Number of protein chains: 2
Amino acid sequence: MLPELKIQPLRYVVAVVDEGGFHAAARRLHRSQPALSMAIKELEQRLGEPLFEKAGKSRLTPFGAYCVPRFRELLTQHDRLSRDIVSRVERRAGHVDIAAVPSVASRLMPALLADFAAAHPGLHISLHDGNADFVRELVSRGEVDLALTSLWQHDERLSFAPLMHDAVGVVCRDDHRLAGRETLNWQELQGERLIRNGTSRLLEGTEAAPLLEQSAFFISNMISLTAMLDAGIGVTTLPRLAFPEEHRHLCFIPLSEPRVEREIGLLQPARRSLSPAAQAMAELIFERLLKS
Amino acid sequence: MLPELKIQPLRYVVAVVDEGGFHAAARRLHRSQPALSMAIKELEQRLGEPLFEKAGKSRLTPFGAYCVPRFRELLTQHDRLSRDIVSRVERRAGHVDIAAVPSVASRLMPALLADFAAAHPGLHISLHDGNADFVRELVSRGEVDLALTSLWQHDERLSFAPLMHDAVGVVCRDDHRLAGRETLNWQELQGERLIRNGTSRLLEGTEAAPLLEQSAFFISNMISLTAMLDAGIGVTTLPRLAFPEEHRHLCFIPLSEPRVEREIGLLQPARRSLSPAAQAMAELIFERLLKS
DNA sequence: ATAAAATGGTAAGATAGTCTTATCATCAGG
DNA sequence: CCTGATGATAAGACTATCTTACCATTTTAT
């Protein structure tokens with residue numbers, strides 16, 4: 001029905017007009033002159049109307065004069081599209097949505113994002129944080145390209161690449177009787193007032209599980225939790241990364257018996273590939289965090 | 001440098017997305033399924049990034065999801081251009097600038113324009129009129145595609161196609177002594193007060209040239225001229241077409257000795273082709289006026 | 001559970017498109 | 001008149017694109 005215009009012959013026509021001749025245009029396009037002659041002739045009979053006068057040298061017909069500006073327009077749009085796509089592929093443009101649990105978001109992401117921004121100045125990043133369940137939701141709903149989190153249950157539709165282990169320990173005030181200990185056995189905590197938090201379920205299914213029974217409080221908010229600890233109301237367990245190192249009066253003692261760890265890794269939708277920008281982020285994450 | 005995107009593979013990609021599969025798309029495009037597979041694979045490695053997930057059936061990658069709307073956009077623009085150009089070639093759009101001497105403009109053009117408008121409802125027409133010299137100028141300056149006029153001197157840069165002969169005759173009031181005569185010999189006009197007008201130079205170089213000597217008036221404006229004739233101030237010579245047939249008191253007597261004619265024809269720039277719309281007009285003009 | 005049908009990918013060969021080299025006809029300027 | 005431009009043409013090499021035939025995998029239906 002309507003003729004299919006190929007990009008290249010349009011480029012030839014425009015080049016002939018700009019350079020003022022077939023020879024000059026051919027030189028600029030690194031083609032032979034007959035290549036242009038033939039391609040343009042083919043285009044002309046596809047359109048059913050000549051673009052150049054047969055007499056005179058490469059002067060446009062009125063019809064050609066009508067067409068050339070439109071050809072230019074289409075070429076411009078083509079080139080813009082081509083450039084846009086290439087810049088995506090080359091990671092000079094695009095954006096990444098990434099999610100992380102709060103501990104990772106505050107302890108690991110700042111350095112990662114700084115490195116990423118330096119390596120890919122054109123890429124935009126959005127960082128979402130929330131607890132592990134929320135993060136998992138973001139990933140499985142596709143609202144996020146990637147996540148740094150720990151995975152609770154295996155999900156066929158998500159793929160998880162472990163990156164590091166994060167040991168759980170006891171957190172207490174620095175004047176607590178246990179403060180200063182190198183390691184702790186879970187039994188030494190019996191009788192302590194344990195404040196549970198979002199990460200406490202890491203103890204489930206371990207020898208230390210009975211501790212959860214003796215706990216009267218559950219606090220999900222980190223600020224509230226540290227305030228409680230600061231006030232000496234009790235102790236809690238936290239993975240190392242989640243421990244607020246900068247807090248003046250709190251200390252962290254790793255649990256040695258049993259050793260409890262969470263596994264931090266990169267979570268992404270399985271059987272779906274990443275955008276080039278997200279791929280760049282994933283590569284950076286592996287490069288920085290997989291050394292352990 | 002930047003990759004050349006061919007239109008067709010983009011169309012394939014969009015069709016696969018729209019039809020939800022390679023087979024369905026191939027069916028719609030009247031191609032075999034491997035044709036799409038290969039073309040799209042080629043496009044993907046030209047871009048350096050897959051558009052479709054290799055697993056799963058024809059699901060887009062995030063990169064593909066980025067590209068497809070832009071592909072659609074370019075295809076839309078391509079198709080619009082293609083349609084525009086075809087409608088020009090097929091004379092469903094465009095415009096013609098045409099010039100004519102006043103006699104032609106008023107006597108021939110109305111019917112021509114009506115026929116043209118009926119045959120090509122999409123084409124716009126501008127009609128310019130003026131004396132033969134002005135019309136020639138419009139054509140040679142390219143301000144007009146075509147002209148219906150008579151040509152005084154040959155010009156290498158203009159091409160003139162004769163269409164009809166327009167006999168010169170004497171115009172006088174219907175109570176004039178010569179009124180009612182079938183033909184006239186120039187000598188019968190001796191002693192008459194001759195009013196010259198823009199067409200009087202047709203007599204130059206003919207036997208009747210001496211008449212020009214006995215003429216005291218020159219009037220270029222047709223309205224003024226007819227008013228003078230109407231007032232019985234004198235007689236004039238005019239080509240038949242320029243004679244105001246509708247005037248109640250004027251009559252036209254052809255000159256038979258000598259026969260003097262002007263040649264009306266189609267004037268256009270030589271060695272320049274016409275726009276499709278102008279070509280359509282030229283064709284109509286030949287069809288309607290070349291019968292004589 | 002197994003057979004049937006549909007998915008897309010791959011290979012080989014035919015066809016069509018596009019390029020290059022070599023050559024030609026025409027025209028402008030010295 | 002000749003030289004050096006112009007663009008057009010012809011023949012052949014090369015490349016792109018399509019089709020047929022086939023494969024592996026997944027989905028659907030029995």
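What you see is a predicted model; the values in this text were computed from it and never measured. Each chain gets a letter, A, B and so on, in the order its sequence line appears, and its residues count up from 1.
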In whole Å, what is the span from the CZ atom of A/R11 to the C1' atom of C/dT18?
16 Å
Write down the distance between CZ (B/R27) and P (D/dT19), rounded to a whole number of angstrom.
14 Å
Nearest-angstrom distance from the residue atom CD of B/E19 to P of C/dG8
12 Å
What is the separation between atom CG on A/L43 and atom P on C/dT18, rounded to the nearest whole Å?
11 Å
Heavy atoms from C-beta onward define the side chain here; which of C/dG9, D/dC18, D/dA8 lies closest to that of B/Q8?
D/dC18
Which whole-number value in Å describes the distance from A/F52 CZ to D/dA8 C1'?
14 Å
With a 4.0 Å cutoff (strictly under), does any side-chain N or O of A/K41 reach OP1 or OP2 of D/dT9?
yes
Would you mind reading off the distance between B/E44 atom CD and C/dG9 atom C1', rounded to a whole angstrom?
12 Å
With the threshold set at 4.0 Å, does a side-chain nitrogen-carboxylate oxygen contact exist between B/R271 and B/E156?
yes
Specify the separation, in whole Å, of atom CD of B/E4 and atom P of D/dT15.
18 Å
How many Å lie between NE2 on A/H23 and C1' on C/dC24, as a whole number?
12 Å
Is any side-chain N or O of A/S32 closer than 4.0 Å to OP1 or OP2 of C/dT21?
no
Side-chain atoms of B/R31 come closest, of C/dG9, D/dT19, D/dG7, to D/dT19
Can you identify which nucleotide, out of C/dC19, D/dT17, D/dA8, has its nearest atom closest to the A/A39 side chain?
C/dC19
So, OP1 or OP2 of C/dG8: does either fall under 4.0 Å of a side-chain N or O from B/Y12?
no
With no hydrogens and no angle check, do the side chains of B/R59 and A/S273 hold a donor and an acceptor under 3.5 Å apart?
no
Extract all donor-acceptor atom pairs below 3.5 Å that involve side chains of residues 276-285 of chain A and protein atoms in other chains or at least two apart in sequence.
| residue | atom | partner | partner atom | Å |
| --- | --- | --- | --- | --- |
| A/Q279 | NE2 | A/E283 | OE2 | 3.3 |
| A/E283 | OE1 | A/R91 | NH1 | 3.0 |

Step through it carefully: locate the ring centre of A/F22, locate the ring centre of A/F52, and say whether they are under 6.0 Å apart.
yes
For A/R272, does the CZ atom sit with more than 12 other heavy atoms under 6.0 Å from it, leaving out its own atoms?
no
Hey, are A/D133 and A/R201 close enough for a salt bridge, meaning a charged N less than 4.0 Å from a carboxylate O?
yes
Within the pair B/K6 and D/dA16, is there a side-chain N or O less than 4.0 Å away from OP1 or OP2?
no
Contact list (N/O, under 3.5 angstrom) for nucleotides 11-15 of chain C vs protein:
none

Looking for any heavy atom pair under 4.0 Å, which part of the strands does A/Q33 touch: base, sugar-phosphate only, or nothing?
base
Checking side-chain polar atoms at under 3.5 Å, does B/R262 have a donor or acceptor matched by the opposite partner on B/S103?
yes
Examine C/dT7: is either OP1 or OP2 under 4.0 Å from a nitrogen or oxygen in the side chain of B/S58? Give yes or no.
no
